[in-house]
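Owing to the predicted nature of the structure, the values given are computational and were not obtained by experimental measurement. Atoms within each ligand, like the ligands themselves, are counted from 1 in listed order.
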Amino acid sequence: MDITEAHDDTFGIEVILEEGSKTAPCCPHGPTLLFEKVGKGGEKGRRFYACSACRDRKDCKFFQWEDDKVSEARLLAREAENKSKGPPYSQQEYCNRFRKFSSLRVDEKKFCQDCQTLLLPTEHEAHSSHGTSYVTAAQLRRPSVLLRPLHNKKSNAQYLFTDRSAHFLIDTLAGLGYKKVLCVGTPRLHELIKQRNLEPKNEPMKSLLLDIDFRYAQFYSRDEFCHYNMFNHHFFGGEASSGVLQTFLSDSDGEKVVMVADPPFGGLVKPLANSFSLMSQLWKKLQSPDSSNSDLSMMWIFPYFFEPRILECLPSLTMLDYQVDYDNHPLYKHGKTGRKQSPVRVFTNISPKDVVLPKEEGYRFCSACQRFVLSLNKHCAKCNVCPSKDGREWKHCSTCQKCVKPSWRHCQACGRCALPDHPCGQSEGKQGCFNCGSLEHKRKACHVKEQHRNNSQRLKTKGKGKNLSKRPTIKPKGKRKSGAARRAKKMAALSV
Ligand code: SAH
Ligand code: ZN
Ligand code: ZN
Ligand code: ZN
Ligand code: ZN
């Protein structure tokens, strides 16, 4: 991972989300985000714009200091480059192509694996030296199986739900009476909802897919897919495209809608939360006045160790114990090579007691907590919660007065529970305040006025000196494991 977030006192980079600032320059992924390097003692660093979607400069090299004067020529070149990185066809052209493709004879329906494109007969010649295959009607309905998952480790690795997890989500939502599902970065869910509609016994559900991977535009009509960036809430198709979302969210049919998002795990929580809030605000605006004080129902799928960060940004969410697993992730697959327990959970504002987790997969209802939990997640009478986050049975430490991971031991020197081999005596307090540099307190307790920080998010980069050249380079301080560093380590394990 290149940039990992931290919400704690770490020297690093933060993203500045200012409302109404529409002046951000655009990279091929839409408006960029404004970042700020924060130095020791809290002095303000120079601000810069960088890509919202790509955490690795190899994937998007956009960089601009906030105060840079950009020449007209440079702007034009940039615009041309942005355009060249976009989809080869307009949404309308994609739709026409799909219509033509669907009406082809079985022996004319070809897909180019090298170009990841459905081919029309006039194009076969040009792709004759590429790897191509015939596409059946059934395959055409499963684009997430046909398309090669993107394997970009840093920002856009595509991890597809197992049937088990996808059906759990769909059945749960159908059971709760949702008739419309807004699929944000969940192409497999989208296609399985459409598949489910084909069975006459099921009441149909509508689904709209929003995704940055425009290969999916080949398979769907205009009102089923929008090319969208969830880190800056950007619709690449402009108003025509955001209008599709508006229509979908509007209340005209009185059907309950829910958003399900499964962002790339390396993504920054704050911009994601911001986009999902905007989505909720838009939804509210489109509701009849009597229902406008409720929130858009949502499920945000993300690793459990981001819980504090997510709840900080969206306090109305709760984390469910359900373990989401993936077909093509080496760590989450059940079986010998994979680790048994996926760290990925569902964060939702749907009441947890209504989300029934399957008994046959080892979940039970805790009546004290009023939610379904893993059986191993035993209720602690002292904490009055089912405390486990990672699926293992946690144990209560009477000195810390809370439940901790089973592998932790109470350390007298540090005055808290930690792994037995923790760097003893170097507990977090030693690092002092990030804002004023004092060793007496942490940043959160600092009274020295901080500016521009209220609405911003702190990030940390792992110093990668050479690559960043004269761009801000921030090395993690010392050997201390902050919350961010721990998450970075876990994230590194995820992006195998
Ligand atoms: N589990 C999901 C797939 C999740 S993988 C399923 O089975 O349906 C993450 C998804 O988010 C991918 O489809 C990817 O294309 C999409 N994505 C990645 N970055 C994005 C961005 N910036 N904006 C919108 N979608 C993005
Ligand atoms: Zn970009
Ligand atoms: Zn080809
Ligand atoms: Zn306890
Ligand atoms: Zn303890």
Spell out, as yes or no, whether a donor-acceptor pair under 3.5 Å connects the side chain of R188 to the backbone of D163. no
Partner of H190 under ring-ring contact (aromatic ring centres under 6.0 Å, His included), chosen from F161, Y220, Y216: Y220
Note: F214 and F225 closest approach over all heavy atoms is CA-CZ, 4.2 Å
When you check the gap from the basic side-chain N to the acidic O, do D321 and R371 get nearer than 4.0 Å? yes
Hey, is E224 close enough to K194 for a salt bridge, meaning N to O under 4.0 Å? yes
E81 and its side-chain hydrogen bond (donor to acceptor under 3.5 Å, both in side chains) partner, picked from K83, K85, R78: K85
Quick one: does M230 get an N or O within less than 3.5 Å of an N or O on ligand 1? yes
Counting from 1, what ligand 1 atoms have a heavy atom of N229 closer than 4.0 Å? 21 (C), 22 (N), 23 (N)
Atom indices of ligand 1 within 4.0 angstrom of Y159 heavy atoms, with elements: 1 (N), 2 (C), 3 (C), 4 (C), 5 (S), 7 (O)
Geometric cation-pi criterion K180 and F248, 6.0 Å radius, 45° cone: yes
Looking at C95 and S221, what are the two nearest heavy atoms and their distance? SG-CA, 3.9 Å
Could you establish whether Y326 and ligand 1 come within less than 4.0 Å of each other, counting only heavy atoms on the residue side? yes
Any N/O pair A53/ligand 1 closer than 3.5 Å: no
For N/O/S atoms only: which one belongs to H396 and is nearest the Zn ion (ligand 4)? ND1
Who gets closest to atom 24 (C) of ligand 1 by heavy atom: F236, F265, Y228, F161? Y228
With heavy atoms of P264 as the reference, note each atom of ligand 1 found under 4.0 Å away. 18 (C), 19 (N)
Under 3.5 Å between any N/O of L150 and any N/O of ligand 1: does that happen in this structure? no
So which N/O/S atom does H29 have closest to the Zn ion (ligand 2)? ND1
Within 45 degrees of the ring normal and closer than 6.0 Å to the centroid, is that where the cationic atom of R97 sits relative to Y89? yes
Residues E14 and K270 bridged, charged N to O under 4.0 Å: no
Would you check whether P187 has a nitrogen or oxygen atom less than 3.5 angstrom from a nitrogen or oxygen atom of ligand 1? yes
What part of I212 sits under 4.0 Å from ligand 1 if we count only heavy atoms: the side chain, the backbone, both or neither? both
Report whether any nitrogen, oxygen or sulfur of C27 sits less than 2.8 Å from the Zn ion (ligand 2) (N, O or S, backbone or side chain). yes
Under 4.0 Å to a heavy atom of R188 - the qualifying atoms of ligand 1, by number: 6 (C), 7 (O), 8 (O)
Metal-centred angle, SG of C380 through the Zn ion (ligand 4) to SG of C403, rounded to 10 degrees: 100°
Salt-bridge test for K284 and D295: reply yes if a basic N is under 4.0 Å from a carboxylate O, no otherwise. yes
Considering D211, N232, L272 one by one, which has a heavy atom nearer to atom 16 (C) of ligand 1 than any of the others? D211
At less than 4.0 angstrom from any non-hydrogen atom of D213, what atoms of ligand 1 do you find? 15 (O)
Quick check: does C383 put an N/O/S atom under 2.8 Å from the Zn ion (ligand 4)? yes
Taking only heavy atoms of L189, which atoms of ligand 1 are found under 4.0 Å from at least one of them? 8 (O)
F372 and ring-ring contact (aromatic ring centres under 6.0 Å, His included): which partner among Y363, Y322, F365? F365
For ligand 1, which atoms sit closer than 4.0 Å to a heavy atom of F231? 22 (N)
